[in-house]
Participant: 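Below is a structure I'd like to ask you about.
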Amino acid sequence: MGKAIGQAIKRKEDPRLITGQAKYLDDIQLPGMVHAAVLRSPYAHAKINSIDTSEAESLPGVVGVFTGKDFADLNPLPCAWQAGGVNNNANTPRTLEIDKVTFTGAGVAVVVAESRYIAEDALALIHVDYEVLPVVVDAKKATEPGAPQLHENAPNNICMEWSCGDEAATDQALADADVVIKQSLRNQRLIPTPMEPRGAIGVFSPVAEDYTVYMTSQAPHVMRLLMTAFVFGIPENKLRCISPQVGGGFGAKIFLYPEYCMVAAVSKKLGGLPVKWMETRRENYIATTHGRDHVTEFEVAAKNDGTITGLKVETYANLGGTLSTIAGGIPTTLYGRLLSGVYKFPNIYCKVYGTYTNTGMVDAYRGAGRPEASYLVERAIDLVAQKLNMDPAEVRRVNYIPPEAFPYAPASNILNGLKYDSGEYEGALNKALELVDYKNLRQEQAAAREAGRLMGIGFSSYVEICGVAPSAWIGLNGEGWGAGLWESANVRVHLTGQVVVTTGSQSHGQGHETTMAQIAADLLGMDVADVRVEHSDTLGTPFGYGTYGSRSAAVGGVAIHNSVQKIIEKAKKIGAHMLEAAPEDVTFEDGKVFVKGSPDKAKTIQEVALAAAVAYDLPEGTEPFLDDTTYYDPPNCTYPFGTHVCIVEVDKDTGHVAIKRYLAVDDVGKKINPLIVDGQIHGGVVQGLAQGLWEGAVYDDNGQLVSGSLMDYALPKAHFLPMIETDSTETPSPVNPLGIKGAGEAGTIASAQAVVNAVVDALAPYGITHLDMPLTSQKVWEAIHSSGNGRE
Amino acid sequence: MYPAKFDYYRAASVQEAIQLLQDHEDAKLLAGGHSLIPAMKLRLAQPPAIIDIGRIAELKGVSHDNGSIKIGALTVHADVAASNVLKSNCPLLAEAASNVGDRQVRHKGTIGGNIAHADPASDMPAAILALGGTIHLIGPSGSRQVAAADFFIDLLATDLHEDELLTAIEVPAQSGKTGSCYLKFEHPASGYAVCGAAAVVTLNDDGACAGASLCFNGVTATPHNASAVTDALVGQALDDAAIDKAVDANLSISDPMGDMHASGPYRIELAKTFAKRALKLARDRA
């Protein structure tokens, strides 16, 4: 290793971001551009009898009005991840809906006008004759007899039925256990809320007969693949996708959305006029994907010493009115198979029903399935601790997978023989206990209780599947998405010695331009400033699957590593020639090629790059230029882990929960840039705490989104939070040569249950064992005052 | 996020604003714009004309005259919160203003716009009511003054007529051994008051209660004056037990508002707790 990896340097991206120079989608103005506004269904479930657009068309400034029938030649959007039999009844959105709508906010018509204001005025002049149908919004109620039916091919609204683990063995474990605890819980629906909503600009070229689409996407290459192969039925070289500066995604910008297809198709109908559509916040809330939304019952079996012997789970996962791109994989592969957590549970069985309801689409949201699993497991641990009157830290300790058990195959069966790579779970717990001074903390809690104050301490030990990649895993027929998930990188050392890295992944806040430059600079012995990272344009970058699942460093970063290794080999060959030495006698260190033992007489990588580029004196048979591309498909995922501790105080008169302290001890393997890792952990922790205490998407019985704006949806604010304390242990991943595990989702996967466990701990004197998220002040107050020990 | 079409007029004086209001039916006055513009962006409000009064200098600023403090309608919340005149003579108003929105909102939103809009969850109405404030209005037939108690009629509805302009808020300067406080239970999404309690307590030389007032934002459609509680306190020695007892026995609120975060009955429970806390803090500050 050189000197760049591991440095907490500031991000190369930041100057342009904080001075307002970054160009987001809405900053892009193209000559002749027109503006689109989408008419969205005000009903959650309705047949479309007819649409009259004539009045809208006659409004001055309107360029065109289109309905679903105008795009009947385009296929419905694909559902790529088909777990649990989804392929039999995938009902996906169309560019615009034609016959019916199954959620409030589904697009039924589009107006294109000289300005967005005119387009919005014209929306009010479109007359749609809807036949309103009955509505169901709850994942479990949708499967009950008499529930409104959304799709003919999905009886009882069941989209998929999936299971993992061993049911008979788990039932036996429940029968044999000293204690069995049964608990129902909800993992509520969340709205991702990136700071920048979605948007797209479509440009059709009548001459080349191809399309360019600018889009706020986390995965432009995948968008090109899905739009061309599945929706438009054209070769991929007929579409270029560009993601400009993207302002946050949290998963919601992974997916293919109707509007991305719409702007391209409308531009073609308008003879190539560039068509811009930029989402409003209201649209973002009703028409962009949501996350989570599980209704679950589980049973956990344990011995009297706290050893857990079995976990049986039944989950109804709400998938919304239609299926988003990878909806099927989230509550299955990324949830059920994670239910062992950091523990050696010998028996696990999980059954999942994915159901259609009259609500917005649900898909991956930061953590995607793994927070849901981790929340359940960590609540189960605390329930066992409470039942057995044991310290929750101790119950965790007796159940951890020990370090010598790695590689470890959990009973939930990760799929295709994959095993947890490495872990030292008790080490993270011990460090956390030491940092919070646990013994004193419990004494402080006892004193607080004496004084009538409700203090609580909550733990969360987690493991996540990160570096989402191995094609043999995710591509697996029957459960996977029938495609690969490798990553790519091209590295070029130009004749001036400046390096350009192009990656197929996409940066929307992660800091790739810094961390990926650190990897290349480190290995090449160069300054980070001399490495430029390019991404997010399908023209000029190698195919890559994009950024999500904490995969860009652990997969894309390794592709850069491998390209640089190949370049170094070539540089050694050329350098040896320049030094008039035999190739086998030279070595490459600190950016220089030299004969082993004679570092004084060396050729720098910059000198070698110049020689390689001008190329008039190269060893025989050597191609010019230092340039290499790698397609990297790792043998396994990576498995970051850690323990978080949350300390709260509950105001018993109001139910308000104050987070007094939050400590995260994370093991993300080797860190490329500790400053960026810290930022990722902070942001992730806040998103999880927000699920624990504040956020929740609520639909009423008519399928209207009650939490439809930031006046109602409780996004966290800085003053809600204490300064988050971070620390780490480092267990390098053996999966890749950089030892990287990934950090993007760790905070979110860990934190919701840490705060919930803390609040339940605070309320333990009232006999309270569980409360469903979000733990709003009212919910906590009611729990206290209906417990029989409260004020009433 | 794209308002419907409207005409824009800028008034250079109060008289011009009144004339413009008469000339343009259904026109809306624009001051700081922090209530009107969000509603227009969502097309919940589609006024055909906007009359911008934001640059009328005579409507800005805080003045103190003979025991009475007048705050011009266009004074922004940040200036109310930072006013030394108010901090010395009527700290309740400054404290309530410091609770409005966030820093950006406080530098654009005005006290007059806030009161005229009469959002029941806003921070200012209860404070002005608790202080026994007076609202100054002017229209084509001249100016008039309305007591805060008579001004707030219903949810987003006031005694301000369509052809009138709110010019100032007047509150008495605090005298004697008086303490006050504004305590707020913040809505987790909007930051508005789920329950905001404004309390004023004046003590006699012997420490007994000479007078008190207690009003709430966020609980009911108009600010609620808990006069039965404060009436019961007058003449009492204000120890904690007396305050608790007066609140428990006398606080009665009907028709509370509710939403997905806080139901009506819960808001009433919050009001009980905040009544006690606010009265005790006001007493301690007296």
Side-chain angles (χ1 to χ4, degrees), chain A residues 26 35 37 61 113 115-121 123-124 191 193 197 278-284 651-657 690 693-700 705-720 774-782 784-785 790-792, chain B residues 1-6 34-35 38-44 46 98-99 101-105 119 121-122 183-197 218-219 244 247-248 256-278 280:
Chain A
D26 208 24
H35 300 267
S115 79
R116 179 67 180 259
Y117 292 91
I118 296 171
E120 294 283 337
D121 290 344
L123 288 184
I191 304 179
T193 322
M278 190 70 219
E279 191 176 58
T280 63
R281 183 60 67 190
R282 170 76 183 153
E283 286 181 291
N284 181 256
D651 180 341
K652 65 177 148 190
D653 293 328
T654 64
H656 180 259
V657 176
L693 297 184
W694 308 298
E695 291 186 32
V698 175
Y699 280 94
D700 69 13
L705 184 63
V706 180
S707 57
S709 82
L710 286 164
M711 289 291 281
D712 305 295
Y713 187 79
L715 217 57
K717 291 151 196 82
H719 72 272
F720 293 5
L775 304 184
T776 61
S777 302
Q778 179 175 340
K779 196 180 286 177
V780 171
W781 186 89
E782 284 172 351
I784 292 171
H785 292 274
R791 183 158 65 184
E792 305 319 317
Chain B
M1 309 302 153
Y2 299 88
K5 221 177 208 176
F6 59 89
H34 275 57
S35 302
M40 289 173 67
K41 282 184 152 189
L42 291 166
R43 298 196 174 208
L44 296 172
Q46 300 192 18
S98 73
N99 272 275
D102 54 35
R103 197 174 286 268
Q104 289 93 325
V105 169
D119 188 317
S122 177
L183 280 187
K184 169 181 179 175
F185 194 82
E186 181 185 333
H187 191 283
S190 68
Y192 277 76
V194 168
C195 172
V219 184
D244 290 348
V247 171
D248 288 334
M257 303 186 297
D259 72 355
M260 58 179 270
H261 291 280
S263 68
Y266 173 63
R267 286 177 198 234
I268 289 176
E269 292 300 331
L270 284 178
K272 285 183 197 164
T273 294
F274 274 68
K276 293 170 187 172
R277 291 181 182 176
K280 289 171 193 173

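Order of the sequence lines fixes the chain letters, A, B, ..., with proteins taken first and strands second; residue numbering starts at 1 for each chain.
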Participant: Output yes when a side-chain donor or acceptor of A:Gln778 lies under 3.5 Å from a complementary backbone atom of B:Ser263, and no otherwise.
Facilitator: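 Judged by distance alone, yes, a pair lies under 3.5 Å.
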Participant: Name the member of B:Pro38, B:Ala4, B:Pro3 that forms the most heavy-atom pairs with chain A at distances under 4.5 Å.
Facilitator: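 Highest number of heavy-atom pairs under 4.5 Å: B:Pro3.
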Participant: Okay, side chain of A:His785, backbone of A:Lys652: is any donor-acceptor separation there less than 3.5 Å?
Facilitator: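 Side chain of A:His785 to backbone of A:Lys652: a pair is present.
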Participant: Checking B:Lys184 side chain against B:Gly191 main chain: does a donor-acceptor pair fall under 3.5 Å?
Facilitator: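 Here the side-chain-to-backbone pair exists.
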Participant: Looking at A:Leu715, A:Thr654, A:Asp651, A:Ile118, which makes the most heavy-atom pairs under 4.5 Å with chain B?
Facilitator: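 Heavy-atom pairs under 4.5 Å are most numerous for A:Thr654.
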Participant: With respect to chain B, which residue among A:Glu782, A:Lys717, A:Arg281 yields the maximal number of heavy-atom pairs within a distance under 4.5 Å?
Facilitator: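 Ranked by contacts with chain B, first place is A:Lys717.
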Participant: Check the pair B:Arg43 / A:Leu123 against side-chain contact (heavy atoms from CB on, under 4.5 Å), numbers first and verdict last.
Facilitator: CA-CA 12 Å; B:Arg43 298 196 174 208; A:Leu123 288 184; over 6 Å; no
Participant: So which of B:Phe185, B:Tyr266, B:Tyr192 has the biggest tally of heavy-atom pairs under 4.5 Å with chain A?
Facilitator: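 Of the options given, most contacts go to B:Tyr266.
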Participant: Quick one: of B:Lys5, B:Glu186, B:Arg267, B:Lys41, who has the most non-hydrogen atom pairs under 4.5 Å with chain A?
Facilitator: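 The candidate making the most pairs under 4.5 Å is B:Glu186.
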Participant: Can B:Lys276 and B:Asp248 be counted as an ion pair, charged N to O under 4.0 angstrom?
Facilitator: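 B:Asp248 and B:Lys276: salt-bridged.
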Participant: Which atoms of A:Tyr713 come close to chain B, meaning under 4.5 Å heavy atom to heavy atom: side chain ones, backbone ones, both, or neither?
Facilitator: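 Just its backbone gets close to chain B.
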Participant: Pick one of side chain, backbone, both or neither for A:Ser115, based on which atoms fall under 4.5 Å of a heavy atom in chain B.
Facilitator: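 Contact with chain B: none, neither part.
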Participant: Shorter than 4.5 Å, heavy atoms on both sides: which option in A:Leu710, A:Leu693, A:Val698, A:Asp712 has the most such pairs with chain B?
Facilitator: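 Ranked by contacts with chain B, first place is A:Asp712.
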Participant: Should the pair A:Phe720 and A:Trp694 be assigned to parallel (<30°), tilted (30 to 60°) or perpendicular (>60°) ring geometry?
Facilitator: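 Rings of A:Phe720 and A:Trp694: tilted, as their planes differ by 30° to 60°.
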Participant: What do the steps show when you test A:Asp653 against B:Lys272 for side-chain contact (heavy atoms from CB on, under 4.5 Å), and what is the final call?
Facilitator: CA-CA 9 Å; A:Asp653 293 328; B:Lys272 285 183 197 164; over 6 Å; no
Participant: Given heavy-atom pairs under 4.5 angstrom as the criterion, report whether the side chain, backbone, both or neither of A:Ser777 touches chain B.
Facilitator: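 Contact with chain B: backbone and side chain both.
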